> 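Structure incoming, see below.
Since this is a predicted model, take the numbers as computed values, not measurements. Chain A is the first sequence line, chain B the second, and so forth, proteins listed ahead of strands; every chain is numbered from 1. Values below: every heavy atom of this structure, side chains too, minus hydrogens, waters and symmetry copies.
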2 protein chains.
Amino acid sequence: MERQTITIYDVAREAGVSMATVSRVVNGNPNVKPATRKKVLEVIERLDYRPNAVARGLASKKTTTVGVIIPDVSNIFFSSLARGIDDVATMYKYNIILANSDGDDQKEIQVLNNLLAKQVDGVIFMGMHITDALRGEFSRSKTPVVLASSIDPDDQVGSVNIDYKSATKEAVQLLADHGHQNIAFVSGSLLDPINGKERLIGYKEALQENELKYTEGLVFETKYEYKSGEQLAERILNCGVTAAYVVDDELAVGLTNGLTDRGIKIPEDFELITSNNSLLAEIARPSLTSISQPLYDIGAVSMRLLTKLMNKEEIDEKTVVLPHTIIQRDSTKA
Amino acid sequence: MERQTITIYDVAREAGVSMATVSRVVNGNPNVKPATRKKVLEVIERLDYRPNAVARGLASKKTTTVGVIIPDVSNIFFSSLARGIDDVATMYKYNIILANSDGDDQKEIQVLNNLLAKQVDGVIFMGMHITDALRGEFSRSKTPVVLASSIDPDDQVGSVNIDYKSATKEAVQLLADHGHQNIAFVSGSLLDPINGKERLIGYKEALQENELKYTEGLVFETKYEYKSGEQLAERILNCGVTAAYVVDDELAVGLTNGLTDRGIKIPEDFELITSNNSLLAEIARPSLTSISQPLYDIGAVSMRLLTKLMNKEEIDEKTVVLPHTIIQRDSTKA
DNA sequence: TTGAAAGCGCTAACAA
DNA sequence: TTGTTAGCGCTTTCAA
C-alpha cells in the first residue's frame with residue numbers, strides 16, 4: 001500500500017489532455033478553455049494532485065524561497081524583524097529559510113553559500129557588520145540581497161534602517177535637556193558601524209551642541225546581554241554618570257536592574273534611554289523610555305524591497321530609511 | 001558578461017571524466033581513484049562549481065530541508081525552541097523553512113501543505129492544539145512529523161515535551177506549602193490540551209492533596225499577552241487570591257507588574273510562579289520563580305528525533321519527556 | 001574504478 | 001486553445 005506520488009503526467013492522462021495544459025491550469029495561465037480547465041481541476045481534485053515545488057524550481061529557475069540570515073532568532077530584536085519578513089514573504093507567496101549565524105563572520109559566509117546552493121531567489125541579511133569577504137560573496141552572486149537593520153558603507157545592496165545618528169542625537173539631547181552633565185554611551189562593539197559610525201557620532205554631536213565635553217571614559221563597550229548590563233551598573237556609577245543612552249534593550253534592562261539593586265532611583269537619580277522599544281522596554285520596571293525602531297516594519301519593508309529586486313522592478317531608492325520616534329516611559333523624567 | 005552557471009557537466013568535461021564521477025566525488029563516494037578525485041576537485045575549485053541543491057533534490061528525492069511550523073517567531077518561548085531546532089538541524093546538514101501560523105487552524109494546514117509541496121524531508125510542529133484536520137494531513141503524508149512542546153492525545157507522530165502535569169503539581173504544591181488557601185490557575189485557552197488536560201489536572205491534584213477546595217472562580221482563562229496579565233490583576237485581587245500559578249511568562253510579568261502597580265508586595269502579599277523560565281522571568285522585578293522548561297533542549301531534541309525518523313532509524317520511544325525543575329526567584333518566599 | 005543513460009516532475013518555447 | 005518536446009542539473013542503476 002505504498003502511497004504513489006501523483007504527477008502532472010497522471011493528471012494529464014486521466015483528464016485526456018497534455019501535461020502542458022495541466023501546467024497551464026495549475027499556474028493560472030488564461031489560455032485554457034473554461035471547459036478544459038474545469039475538467040482538469042476535477043481530476044486534480046479527485047487524484048489529490050499536489051505540484052512538486054522542487055521540480056518546478058528546477059524547470060523554472062525560481063524557488064519562491066528566500067534565505068534569511070539572522071544572528072540569533074531567540075533574540076527578541078531579530079525575531080521581531082523576522083516576523084515582519086515572514087509576513088510579507090507569505091503575502092507574496094515566498095517561504096523563508098531561516099539560518100542563524102551568531103554574527104560569526106565564518107558562519108555567515110558558509111550559511112550564505114548554503115542558501116545560494118539551495119537556489120533561493122533572494123537573501124535578507126541581518127548582522128552587525130559586513131566583512132569584505134561577505135561583501136564579495138554578495139556581489140559575485142546574482143541573487144538580490146537586502147540588509148535589514150544593518151548598514152554597509154558602500155551600499156551595493158538594498159537596505160532598510162532608521163537614521164541611527166539622528167535618533168541617538170535626539171535621545172542624548174533629551175538627556176542633556178534634563179541637565180545631565182555626564183551622559184554615558186553604552187554600546188556593543190564599536191567596530192560595528194551602526195554603533196561606531198552612526199550612533200557614536202550622534203552622541204558626540206549632541207554633546208557638542210550642548211557644550212558638554214566628550215570623554216572616552218563615558219563610552220562603555222560591552223555585550224548585548226542582560227548580565228553585561230547588570231555588571232555595568234557598578235562601573236557606571238563610579239564614573240559619576242547620571243544618565244545613559246543604551247543601544248540595546250536587553251542590556252538596558254540589565255543596567256536598570258543593576259542600578260535599582262544598588263539603591264539608585266530611576267528616573268530621580270538616574271535617567272536612561274534605550275534603543276529598540278521591544279517588549280522588554282515595556283516590561284521593565286521602571287519601564288524604559290526608548291527610541292522606537294519599527295522593528296516589524298523594518299523586516300516587512302526589507303522583504304517588500306526584496307520582492308521588487310527579485311522581480312527586477314524599477315526601484316526608486318535601494319536604501320530605505322524608516323522614521324523613528326522616542327517613546328517616553330518611566331526611565332526619564334516627565 | 002552574464003555569469004554562466006557552472007554545471008556538473010562543465011566540470012566533467014574540463015576534468016575529462018563523466019558526470020557520474022564528478023557526482024561521486026562531490027558526494028564523497030569512496031569508489032573513486034584518489035588521482036581522479038584530486039583532478040576533479042581541482043577543476044571544481046578552478047571553475048568555482050557549486051552543486052545545485054534543487055536539481056539534487058529532484059533527482060535524489062531528498063531536500064535536506066525541514067519545515068518548521070511556529071505560532072509566532074517573535075514570541076520568546078517559541079523562538080527559543082526554534083533556536084534549538086536550527087542548531088541541531090545545522091549539525092545534521094539540514095536547513096529549516098520557518099513558517100508562522102499564528103496558531104490559526106486554517107493557516108496551519110495551508111502552511112503544512114505548502115511545506116510538503118516544497119518536499120521537505122520532515123516537519124516540526126509547534127502549536128497549542130492539533131485539530132483533526134491537521135492530524136489527517138499529518139497521517140496521509142509520509143513525511144515524518146515531530147511535535148515540539150505540543151501534545152497530541154493519540155500520539156501517532158513524535159513529540160518532545162516535559163511532564164506538564166507533574167510540573168504544575170509541584171508548583172502549586174510549593175504555593176500550598178506556603179499556606180495559601182486561594183491559589184489561582186492563570187491560563188491560556190483551556191481547550192488547548194496542555195492547559196486543559198495536563199496542567200489543570202496537575203493543579204487540581206495538588207489542591208486535593210492539600211485539602212484545598214477547587215473552584216472554577218479561581219481558574220482564569222486569558223491570552224498569552226503582557227496586557228492581559230496586567231488587566232487580570234484587578235480581577236484576581238477581587239477574588240481574594242493570594243498566590244497564582246501562571247502558564248506563560250509574558251502573562252506572568254504582566255500580572256506581576258499589574259499587582260505591583262496596585263501596591264501589592266510580591267512575595268510578601270502575593271506569591272507567583274510562572275512556567276517557561278524565559279529571559280522575561282529573570283528580567284522581571286521581582287524576578288519570577290518559574291518552572292524551568294528546557295526550551296532550547298526541547299527544540300534540539302525534537303530535531304534530533306526528526307533526523308532519526310527521516311533516516312528510518314529504530315526509535316526506542318517516539319514520545320520524549322524531558323526533565324523539568326523549579327527555579328526559585330523572588331516572586332516566592334524563600 | 002568508471003561511464004552511459006534513464007529518469008526525477010515540471011516549465012516553456014514552438015508548432016499546430 | 002492545445003500538444004510536442006526539449007531541457008532544468010543532478011543521482012543512480014546497470015554495464016563495462
> With respect to the phosphate group of dT11(D), does any side-chain polar atom (N or O) of N27(B) fall under 4.0 Å of OP1 or OP2?
yes
> Is the distance from OP1 or OP2 of dT4(D) to the nearest side-chain N or O of Y9(A) less than 4.0 Å?
no
> Are side-chain N/O atoms of R24(B) and N31(B) paired as donor and acceptor at under 3.5 Å?
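No.
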> Decide yes or no, distance alone: a donor-acceptor N/O pair under 3.5 angstrom between the base of dG3(C) and the side-chain of R24(B).
yes
> Is there a side-chain contact between S23(A) and the phosphate of dC10(C), meaning an N or O under 4.0 Å from OP1 or OP2?
no
> In terms of side-chain heavy atoms, does T65(A) have a donor or acceptor partner in K118(A) at a distance below 3.5 Å?
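The criterion, which ignores hydrogens and geometry beyond distance, is not satisfied for K118(A) and T65(A).
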> Quick one about S23(A) and N27(A) (side-chain donor to acceptor, distance below 3.5 Å, no hydrogens or angles considered), yes or no?
yes
> Starting the side chain at C-beta, find the nucleotide from dA13(C), dT11(D), dT2(C) nearest to M19(B).
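Selected nucleotide: dT11(D).
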> Looking at S18(B), I'd like to know whether one of its side-chain N or O atoms comes within less than 4.0 Å of OP1 or OP2 on dG3(C).
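Result: yes.
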> Mapping Y49(B) and A20(A) to their closest nucleotides on DNA chain D, which lands nearer the 5' end?
A20(A)
> Given dG9(C), is OP1 or OP2 found less than 4.0 Å from the side-chain N or O atoms of T7(A)?
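Looking at the OP1 and OP2 atoms of dG9(C), neither is under 4.0 Å from any side-chain N or O of T7(A).
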> Name the nucleic acid region contacted by V54(B), choosing base, sugar-phosphate or nothing; use a 4.0 angstrom heavy-atom cut-off, strictly under.
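Counting heavy atoms under 4.0 Å across all strands, no contact is made by V54(B).
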> Rounding to a whole Å, what distance do you find between N52(A):CG and dC8(C):P?
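To the nearest whole Å, that distance equals 12 Å.
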> Measure CD1/I44(B) against P/dC10(D) and give the value in whole Å, please.
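The answer, rounded to whole Å, is 10 Å.
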> Is there a donor-acceptor pair under 3.5 Å between the side chain of D104(B) and the backbone N or O of Q106(B)?
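Yes, D104(B) side chain to Q106(B) backbone: donor-acceptor pair under 3.5 Å.
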> In whole Å, what is the span from the CD1 atom of I6(B) to the C1' atom of dC10(D)?
16 Å
> Round to a whole Å and report the spacing from NZ of K62(A) to P of dG9(C).
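From K62(A) NZ to dG9(C) P: 23 Å.
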> Heavy atoms only, 4.0 Å cut-off, all strands: where does N31(A) land among base, sugar-phosphate and nothing?
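Base contact.
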> Specify the separation, in whole Å, of atom CD1 of I8(A) and atom P of dA12(C).
11 Å
> Expressed in angstrom and rounded to an integer, what is the separation of R37(A) atom CZ from dT1(D) atom P?
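Going from R37(A) (CZ) to dT1(D) (P), I get 10 Å.
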> Looking at dT2(D), I'd like to know if its phosphate oxygens (OP1 or OP2) sit under 4.0 Å from a side-chain N or O belonging to T36(A).
yes
> Answer with yes or no whether the side chains of Y224(A) and N75(A) bring together a donor and an acceptor at under 3.5 Å.
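No, because no side-chain N or O of N75(A) sits under 3.5 Å from a partner of the opposite role on Y224(A).
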> Round to a whole Å and report the spacing from CZ of R13(A) to P of dC10(C).
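Whole-Å distance recorded here is 13 Å.
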> Using the closest heavy atom to pick a nucleotide of DNA chain C for each, name whichever of L58(B) or K33(B) lands nearer the 5' end.
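Checking each residue's closest nucleotide, the 5'-ward one belongs to K33(B).
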> Side chain of K61(B) only, please: which of dG3(D), dC8(C), dA12(C) is the nearest?
dC8(C)
> Whole angstroms only, please: what is the CG-P distance between N29(A) and dC10(C)?
17 Å
> With no hydrogens and no angle check, just 3.5 Å: does a side-chain donor-acceptor pair link R83(A) and S80(A)?
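R83(A) vs S80(A): no donor-acceptor pair found between side chains.
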> Check whether any side-chain N or O of T21(B) sits under 4.0 Å from OP1 or OP2 of dT2(C), and answer yes or no.
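Looking at the OP1 and OP2 atoms of dT2(C), neither is under 4.0 Å from any side-chain N or O of T21(B).
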> Any base atoms under 4.0 Å from V26(B), or only sugar-phosphate, or nothing? Heavy atoms, all strands.
nothing
